[in-house]
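Numbered from 1 within each chain, the chains take letters A, B, ... in sequence-line order.
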Amino acid sequence: MKTTIISAALLSLALTSVQATAGGVPAEKLQKIINSSFKDPDKSTEAPATPTWASRLTPDTVQQACSEARNHPDKDLAADMEKAAAASVKYPEDGKLLGDWKNGEKIAQNGKGLRFNDKVDEPSGGNCYACHQIDKKELAFGTIGPPLTEYGKNRDFSEEAIKATYAKIYNSHTVVPCSHMPRFGTMGILTIDQIKDLTALLMDKESPVNK
Amino acid sequence: MKMRRLIGALILGIALSAGLAAVSGPATAQEDASKGIEQYRKMMAEDPFANPGLLYVDSGEALWKEKRGTNNVSLEACDMGKGPGVLEGAMAEMPRYFADADKVMDVESRILWCMEKLQGLDTGPVKKKAFSKSGEGGSEMEFLASYVSSMSNGMPLKPQLSHPKEKEAYALGEALFFLRAGPFDFSCESCHGTPGSRIRLQDLPDLSKPGVDAQKTIATWPAYRVSTESVKTMQHRMSDCYRQMRMPKVGFGSDAVTALITYLMKQAEGGEVQVPALKR
């Protein structure tokens with residue numbers, strides 16, 4: 001708990017300079033343009049009214065720092081960010097990190113969620129195949145991220161690797177600050193149970209990923 | 001001429017639906033679409049008038065010349081930046097600064113401006129229906145943007161960055177391109193920042209640096225999209241990518257979109273205009 005506060009403080013300290021500019025444009029000016037340009041998805045001529053939509057207009061401190069650094073934060077900022085990211089990871093209460101890989105595969109396939117045309121009462125998918133090769137049988141995979149084939153096998157299915165994988169999916173910045181991969185747990189895209197299922201997809205011996 | 005285009009497009013439509021039926025089965029919609037594009041290309045090599053997007057150009061030309069609005073005039077005196085009534089090469093130099101509006105405008109916002117100021121049209125409904133829905137066969141904006149843009153065909157993109165407001169739009173566009181926001185932390189750069197990458201099976205152009213990717217991509221909107229069987233515009237492209245970014249709806253003709261297009265045009269400098277292009 002204490003470390004969370006400390007690293008959050010460190011992070012905001014490192015970020016004070018960021019507020020001033022964004023790519024040569026005063027941040028204030030940029031924010032004004034954003035606020036006036038985006039409309040509420042339901043009332044398409046008015047400014048976003050609900051907190052869900054209004055909050056998306058203002059980048060959080062991590063997003064601001066990464067945008068400013070063009071995703072290559074300097075060493076000190078990177079170290080602070082890794083710490084803050086690690087502190088944000090919530091683990092399951094019973095300590096079990098491996099869920100159901102079959103369900104994990106469905107979540108990895110599902111690209112829906114949080115767009116304005118998505119149903120709000122359905123859980124979001126992880127859309128992992130958009131960026132990664134995972135089960136070799138799925139040929140429609142993207143290449144923004146590295147292939148994750150034989151992921152668990154390559155890591156000897158170790159307890160340590162299971163924990164690192166869970167944390168990576170929960171908040172990708174734990175290992176790679178300013179990663180292009182979304183922070184699925186920290187940003188509330190996926191639930192703890194969904195992240196367990198995805199961890200199983202990658203780390204369970206029975207998962208097709210490791211066959 | 002018009003008749004010939006119409007017939008070409010109709011024949012192609014029939015050939016295409018037959019072609020798509022033949023490749024259905026386990027093939028994905030994406031594979032269907034790329035086979036469809038191949039087929040279109042083959043037919044267009046034989047008959048350049050077979051591009052269904054040309055129907056939009058024709059409708060746009062007719063609409064451009066039609067007297068409308070409270071002023072009962074056509075759009076023929078509209079100044080798209082090269083002087084009243086000059087359309088040749090106009091799109092290749094947009095977005096640009098317009099003193100009468102004291103604003104940087106892209107093709108679509110400028111058309112809207114002329115409808116309002118020149119014709120005295122109520123542009124509310126035009127703006128609201130700027131992007132046609134499937135089956136509607138096109139919107140007024142899609143027709144007009146296709147016509148105006150086609151008048152720059154064969155010309156190289158010449159970004160206008162001398163006016164301070166044009167410079168500002170470029171800088172804002174660059175900042176927006178790299179700005180990560182929303183629950184997925186996406187920026188445009190997340191998906192368009194590395195050469196040769198893809199999402200699922202879709203190739204992603206690298207728009208983060210000047211070059212062939214940007215030239216080929218930006219000089220070819222409006223485009224006839226095989227996947228939706230309709231013409232889509234640059235405003236629509238920006239709006240759809242912001243949807244994928246999980247952002248709220250970006251406003252048609254908003255400053256953010258104008259800024260982004262200004263930035264993209266600069267990345268695409270020198271690219272040869274070819275519209276309406278044929279895309280997935």
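Taking CG of B/Asp106 as the reference point, atom CD1 of B/Ile111 lies at 8.5 Å (rounded to 0.5 Å).
Near-neighbour residues of residues 168-183 of chain A relative to chain B, defined by a heavy atom under 4.5 Å from a heavy atom of that chain, comprise A/His173, A/Cys178, A/Ser179, A/His180, A/Pro182, A/Arg183.
A salt bridge does not link A/Glu105 with A/Lys102: every distance from a Lys NZ or Arg NE/NH1/NH2 to an Asp or Glu carboxylate oxygen is 4.0 Å or more. Residues B/Lys103 and B/Asp255 are paired through a salt bridge, judged by an N-O separation under 4.0 Å between the basic side chain and the carboxylate.
For B/Lys128, the salt bridge (charged side-chain N to carboxylate O under 4.0 Å, His left out) test picks out no residue, with sequence neighbours left out.
Within the 4.5 angstrom heavy-atom criterion, atoms from both the backbone and the side chain of A/Pro41 approach chain B. Both the backbone and the side chain of B/Ser190 come within contact range of chain A, judged by heavy atoms closer than 4.5 Å. If you measure heavy-atom distances from A/Leu114 to chain B, the contacts under 4.5 Å come from both the backbone and the side chain.
Between chain B and the options A/Cys131, A/Gly113, A/Cys66, the largest number of non-hydrogen pairs under 4.5 Å is found for A/Gly113. Listed options B/Pro248, B/Ser254, B/Gly251 were ranked by heavy-atom pairs under 4.5 angstrom with chain A; first place goes to B/Pro248.
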Show me the donor-acceptor pairs within less than 3.5 Å that the side chains of residues 138-145 of chain A make with the rest of the protein, sequence neighbours left out.
| unit_1 | atom_1 | unit_2 | atom_2 | d |
| --- | --- | --- | --- | --- |
| A/Glu138 | OE1 | A/Gln109 | NE2 | 2.9 |
| A/Glu138 | OE2 | A/Ala140 | N | 2.8 |
| A/Thr143 | OG1 | B/Arg198 | N | 3.0 |

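For the salt bridge (charged side-chain N to carboxylate O under 4.0 Å, His left out) condition, the pairs that include at least one residue of residues 106-117 of chain A, sequence neighbours left out, are A/Arg115-A/Asp118.
Between B/Tyr242 and A/Phe38, the two ring planes are perpendicular [angle over 60°; tilted spans 30° to 60°].
Considering all non-hydrogen atoms of both residues, B/Met80 and B/Met94 come closest at O-SD, 3.6 Å.
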